[in-house]
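What follows is a short report on a single structure.
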Amino acid sequence: MSEFLSQHPRTHTCNQLTKTESGNEVVLVGWVQGLRDHGGRRFIDLRDRYGITQIVFKPETDAKLHARAHELRSEWCIGVAGTVEDRIGNGGSPNLKLKTGEIEINANQLEVFSEAQALPFMVEDHIDTHEEKRLAHRILDLRRKPMQDNFALRHRVVQATRRYFDKNDFLEIETPMLVKYTPGGARNFLVPSRLVPKNFFALAESPQLFKQMFMMSGFDRYFQIVKCFRDEDLRGDRQPEFTQIDVEMSFVTEKDVQAMSEGLMVRIFQEALGVQLQTPLLRMTYDEAMDRYGCDKPDTRFGLEHIDLTSLLSDLQSGGVPLFEQTLANKGMIKAMVLPKAHELSRAELDKLEDVVKQLGGQGLGRAKVAESGTAWTQSPFAKVISAEAIKAINEKCLAKDGDVILMQMGRPKLVHTVLSGLRLHLGAKLGLISNGNQTTWNLLWITDFPLFEYDENQKTYAAAHHPFTSPKMGDENLLKENPGACYAKAYDLVINGNEIGGGSIRIHDPVVQAKVFDALGISKEAQEEKFGFFLKALCYGTPPHGGIAFGLDRLCMLLSGSQSIRDVIAFPKTQRGVDVLTGAPSPVDTKQLRELQIITLP
RNA sequence: GGGGUGGUAGUUAAGUUGGUUAUAACGCCGGCCUGUCACGCCGGAGGCCGCGGGUUCAAGUCCCGUCCACCCCGCCA
């Protein structure tokens, strides 16, 4: 063990010392960030979590020490004792980029705590290394300032959250992670039980039922910063284990939950970024969002809104275009988006949009360039067949002027929306319509009035759009039996710059209504009892009206930090395949242990 | 499950119609250097071209398969 620290305890961090401390004897510890060896003057940048301080080794201070400094290498972990000196007074020049740039430490003691091998990549702010390598050497990656900043920010978000809810009388209570397996919804990770052989726990997808039972227990206001687990395919903003800020309140309406959530956002943005949000936030119904953006999490920082031409073309007998006619006959939808002349794209660039459309699953991209004072189309496959009346009507409906290009998608509504909203985001980025970097715009909005159910074409059944404990809108419970597809839900999502950051709802507190929803979902009485019997029973002892919300902490931190990936705000994330390349998880286990669990694996 | 992009030195990349010894920058190693802070100068080492097969006189380059990473669709109540 090193005696150095007992004789020379750390006196300062590497971001503290200024000319005020000139002449002081200090001790700094940290990592060698860089070396500049001038023979008679050896400089190193010493880095710790807080910043960087220059150390200088001089032969006239200690010839032996000066010689030893020659051996130092990048990322060695060292301790230095020395005198704070004014750089200018020493004949040097200040480094205005550093807070400590006017001073340096003239070293008189050096301790090498630990050497470092040659590095797989340099520890610097802007690295251009494949993520695979960063993950494999995560400790080096995490030493980089942008990563250190990300986790400091995440800490501030978490602390702000705890302070906010504490101040508002919420109780932070933990819920189980090993929970009852319930099929439906996200796929569960399974954990075999040794004590109850051949039976499995699921890792909790969310604490949904537990937090509702807290309300039945009379806890009134609950929150938790909690890990959740979902065994689904990964994305840049999805990890198999992730963290939610989970919230539930009794005796509230949608507005109450939203107001409490807005207060949280105000506090987080204030404490994490120093940004003042304006509340109340904007609200948009799900139907409006789908109509204008084809998406339930629209990025409202730019235009390029969608225009629905379906009824217009229906009125015009498809304008004589066979493709439109076919679409309408198949109960399809026709939507358009206008690319303004101001953002004119070359024909080659427009052709490339076809590839984008195909990647999104579309067949192709209908397009038309408006000409002759809005009476004609050029560069369009439809131009030859479409009626003059239809051209004029579409141009007017799209408010398209000469030189604008109308982009069209048609077919099944779901696909039209996927393709056209994907194309919209692509164009927003390509045309530079989304501000980024320092000039950050924060568009927060609520999406409200979601449908209660979605029809599953494959299964030929309804599925809960949010989850099956979501309350129907007032009056819609009467539709549950006859027309479930027409029911709306007391559900809401919080969207920030096109990212779904939170989602919640008012829950069902009436066991009769809850049973009706299960019926509509096609879950038999027996299955209801088997899967949710404990919960249905719990509902029967005086359940308060209640509702809540859950926020994706990782996504929120990703946005606030300006990170491109959720992995940059998770210390040890998994890759796209759900693998931890650092530790090698998942891995095979001993057959002895499998036998104990009464599990065999297929060859 | 499907589509796309990529994998060449420690790192990031270049590598022509297949053709001698596979380049460069940074990093690394050695030397010089008393005011640097992207220090500078001189010298040097470093390669299973992801992996496996095939075509060919000859493959980093062409073909087939496969693995890995990233992005997207499906999926994620």
Side-chain angles (χ1 to χ4, degrees), chain A residues 33-45 52-60 66 70 73-75 85 87-98 100-101 104 116-137 140 182-188 205-206 208 228-240 242 355-362 414-415 418-419 421-422 425-426 450 452-454 456-458 462-470 489 491 500 503 505 517 521 523 552 564-565 567 574-577 579 581:
Chain A
Q33 169 84 38
L35 310 99
R36 291 175 296 279
D37 190 337
H38 288 239
R41 284 284 179 276
R42 295 190 164 128
F43 302 99
I44 64 170
D45 287 335
I52 287 174
T53 299
Q54 175 165 286
I55 315 292
V56 60
F57 294 89
K58 304 179 185 181
E60 64 266 34
H66 172 257
H70 188 58
R73 292 293 180 271
S74 285
E75 295 306 312
E85 292 179 356
R87 286 199 199 184
I88 298 168
N90 283 347
S93 46
N95 182 347
L96 301 175
K97 283 182 261 179
L98 299 180
T100 63
E104 61 191 0
Q117 296 179 355
L119 302 167
F121 52 82
M122 279 178 290
V123 176
E124 53 192 12
D125 289 6
H126 302 289
I127 56 169
D128 192 14
T129 301
H130 289 158
E131 198 170 346
E132 202 174 348
K133 302 232 154 59
R134 290 174 52 203
L135 291 175
H137 301 279
L140 293 176
T182 52
R187 195 178 289 117
N188 292 112
E205 294 167 31
S206 78
Q208 183 60 37
C228 302
F229 305 87
R230 294 178 191 176
D231 188 8
E232 294 292 345
D233 288 0
L234 276 52
R235 285 291 154 77
D237 63 352
R238 288 191 333 221
Q239 281 274 302
F242 60 99
D355 297 337
V356 176
V357 165
K358 280 176 184 151
Q359 274 201 24
L360 290 164
K414 194 171 175 192
L415 187 62
T418 298
V419 173
S421 67
L425 292 177
H426 174 84
F450 279 76
L452 190 58
F453 302 107
E454 281 167 356
D456 186 327
E457 295 285 349
N458 299 324
Y462 284 98
H466 185 54
H467 57 57
F469 316 104
T470 303
E500 183 193 331
S505 63
V517 168
L521 289 168
I523 304 174
Q564 296 303 307
S565 154
R567 294 182 297 276
K574 311 272 190 291
T575 67
Q576 172 99 28
R577 231 170 90 252
V579 164
V581 289

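On a predicted model such as this, the values are computed, not experimentally measured, just so you know. Per chain, numbering begins at 1; letters A, B, ... match sequence-line order.
A straight line from NE2 of H70(A) to C1' of rU36(B) spans 16 Å, rounded to a whole angstrom. Between N188(A) atom CG and rC76(B) atom C1' the separation is 12 Å, expressed in whole Å. Between F57(A) atom CZ and rC37(B) atom P the separation is 19 Å, expressed in whole Å. Taking atom CD on E104(A) and atom P on rU34(B), their separation rounds to 16 Å, with Å as the unit. The CZ atom of R73(A) sits 13 Å away from the P atom of rG27(B) (whole-angstrom rounding). Rounded to whole Å, the distance from CZ on F43(A) to C1' on rC39(B) is 9 Å. For the pair F242(A) CZ and rC76(B) C1', the interatomic distance rounds to 9 Å; values are reported in whole Å. I55(A) places its CD1 atom 18 Å from the P atom of rU36(B), with the value rounded to the nearest Å.
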- [ ] Kindly determine whether D233(A) and R238(A) satisfy salt bridge (Lys or Arg N to Asp or Glu O under 4.0 Å), including the steps that lead there.
- [x] CA-CA 8 Å; D233(A) 288 0; R238(A) 288 191 333 221; over 6 Å; no
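Applying the 4.0 Å criterion to OP1 and OP2 of rU36(B), one finds that K58(A) has every side-chain N and O outside that range. For the pair S93(A) and rC37(B), the criterion of a side-chain N or O lying under 4.0 Å from OP1 or OP2 is not met. The side chain of R235(A) contributes an N or O atom lying less than 4.0 Å from OP1 or OP2 of rC73(B). Of the side-chain N and O atoms in R187(A), none sit less than 4.0 angstrom from OP1 or OP2 of rC75(B). Between T575(A) and rC68(B) there is no side-chain N or O to OP1 or OP2 distance below 4.0 Å.
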Task: Base-contact (B) and sugar-phosphate-only (S) positions in nucleotides 3-15 of chain B, heavy-atom cut-off under 4.0 Å, - elsewhere - done: BS-----SSSS--
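Using a 4.0 Å heavy-atom criterion, one finds that Q54(A) contacts the bases of the nucleic acid, with or without backbone contacts as well. Nucleic acid contact for R134(A): none, since no nucleic acid atom lies under 4.0 Å from a heavy atom of the residue. Nucleic acid contact class of P94(A) (heavy atoms, under 4.0 Å, all strands): base. Among the heavy atoms of the strands lying under 4.0 Å from R87(A) is at least one base atom, whether or not backbone atoms are also near. Within 4.0 Å (heavy atoms only), N90(A) reaches at least one base atom of the nucleic acid.
Using a 4.5 Å heavy-atom threshold, the side chains of R41(A) and P59(A) count as touching. Q359(A) is not listed as a side-chain neighbour of H426(A), based on a closest heavy-atom distance of 4.5 Å or more. Annotation: side chain of Q54(A) is in contact with side chain of D45(A) (closest heavy-atom distance under 4.5 Å).
Closest to the P59(A) side chain, of the nucleotides rC33(B), rU34(B), rC73(B), is rU34(B).
Across the P atoms, rG43(B) and rG54(B) are found 45 Å apart, a figure rounded to whole Å. Annotation: rC57(B) and rG18(B) have their P atoms spaced 15 Å apart (nearest Å). Between rA9(B) and rG44(B), the distance separating the two C1' atoms is 15 Å to the nearest Å. Rounded to the nearest Å, the gap between the P atom of rA14(B) and that of rG53(B) is 27 Å.
E232(A) and G185(A) make their closest contact through OE2-O, 4.4 Å (heavy atoms, listed as atom of the first residue, atom of the second, distance).
Within the structure, salt bridge (Lys or Arg N to Asp or Glu O under 4.0 Å) contacts touching residues 116-131 of chain A (residues at least two apart or in different chains) are E131(A)-R567(A).
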